[in-house]
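Quick caveat: nothing in here was measured; it's all calculated off a predicted structure.
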Amino acid sequence: MSKQSIEIASSASMENQSRDKLSDLLALLSQSDSDALGQILESYGAEIRRFIRFRMRDSVLRRLHDSIDVEQSVFRRFFKRAGTGDLSLATEDELRAYLFTLAKHRVSELKREQSAQKRKANFVEEDSSFQLGQLAGADGANDSAAAESELMMEVRSIVGTDDWEAVVQRLEGRTWKEVARDRGTKPDTLRKRLQTALQLVKARLTSTE
């Protein structure tokens, strides 16, 4: 047997051993084996954490979410999926890529959540001096679901059904131009009308009567 043939055979043998080792590890994970869980964390934890920190370049996102907490949520998802026994990964590279994908998706979720919260707190254009978030604190109300529901009902009672749909669409992230186009009106006209209505809500909430 030639030297090249020996090297090829040796490489194939090592690859098979690696596949068998990973297969055994996944089998243990499906049984929630603590040693297997620890081995995964030790082998990939630091690498995934660095990847998460790289993806969380937004300073606000970093301030709101600790990379270690995000890492733990990623591995919880991985262990949950591995526990079903239907996780099919042939190589360590595939395992690493799968973890990277989970981490990428988790950071993307956090970014979407942050954007959604920002839209709900300030759904009017940046040049407007009025924000929906100001209403929530106008009467000293807290941020409970009940207070938010009461606030929304107050807004809806003033703006009317059609304009309320416009408010909801703005909260969902649509632009004034998009919302106005659906209603056959001008963006500035719709914005000013809603602005006036919301000012009435603010006046009600701040009234001492």
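Classification of D86 and R81 as a salt-bridged pair holds, one side-chain N sitting under 4.0 Å from a carboxylate O.
Side-chain atoms of W176 and K186, non-hydrogen and from C-beta on, never get closer than 4.5 Å to each other. Between E71 and R53 the shortest side-chain heavy-atom distance does not fall below 4.5 Å. Residues F79 and I40 meet the side-chain proximity criterion, which asks for heavy atoms closer than 4.5 Å.
Of all heavy-atom pairs between S32 and L37, the closest is O-CD1, 4.3 Å. Looking at every heavy atom in both residues, V179 comes nearest to A166 through CG1-CB, 3.6 Å. Contact between F51 and K104 at its shortest, heavy atoms only, is CE2-N, 3.9 Å. When all heavy atoms of A103 and V74 are compared, the pair lying nearest together is CA-CG2, 3.7 Å. Scanning both residues, L61 and M56, for their nearest heavy atoms gives O-CE, 3.7 Å. Contact detail for L26 and L89: the closest heavy-atom pair is CD1-O, 3.8 Å.
With values rounded to the nearest 0.5 angstrom, F78 atom CZ is found 8.0 Å from L102 atom CG. Distance CD/Q195 to CG/D188: 11.5 Å, rounded to 0.5 Å. Atom OG of S43 sits about 9.0 Å away from atom CZ of R96, to the nearest 0.5 Å. The structure places NZ of K21 at 6.0 Å from CD of Q39, a figure rounded to the nearest 0.5 Å. Atom-to-atom distance recorded for R181:CZ and T185:OG1 is 13.0 Å, nearest 0.5 angstrom. L87 contributes atom CG, which lies 8.5 Å from atom CG of L29 (distance to the nearest 0.5 angstrom).
Seen from the ring of F75, R77 does not count as a face-on cation partner, given the 6.0 Å and 45° thresholds.
For S73, the side-chain contact (heavy atoms from CB on, under 4.5 Å) partners are V70, R76, R106, not counting sequence neighbours. With sequence neighbours left out, the side-chain contact (heavy atoms from CB on, under 4.5 Å) criterion links A46 to R49, R50.
L99 and L28 fall into different hydrophobic clusters, where Ile, Leu, Val, Met, Phe, Trp and Tyr side chains are chained together by heavy-atom contacts under 4.5 Å.
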For D33 and L25, what are the C-alpha separation, side-chain angles and deciding distance, and is it a side chain to side chain contact (heavy atoms under 4.5 Å, CB included)?
CA-CA 9 Å; D33 182 86; L25 181 61; over 6 Å; no
Report the C-alpha distance between E178 and T175 in whole Å, list the side-chain angles of each, state the deciding distance to 0.1 Å, and finish with yes or no for side chain to side chain contact (heavy atoms under 4.5 Å, CB included).
CA-CA 5 Å; E178 292 171 334; T175 65; 3.2 Å; yes
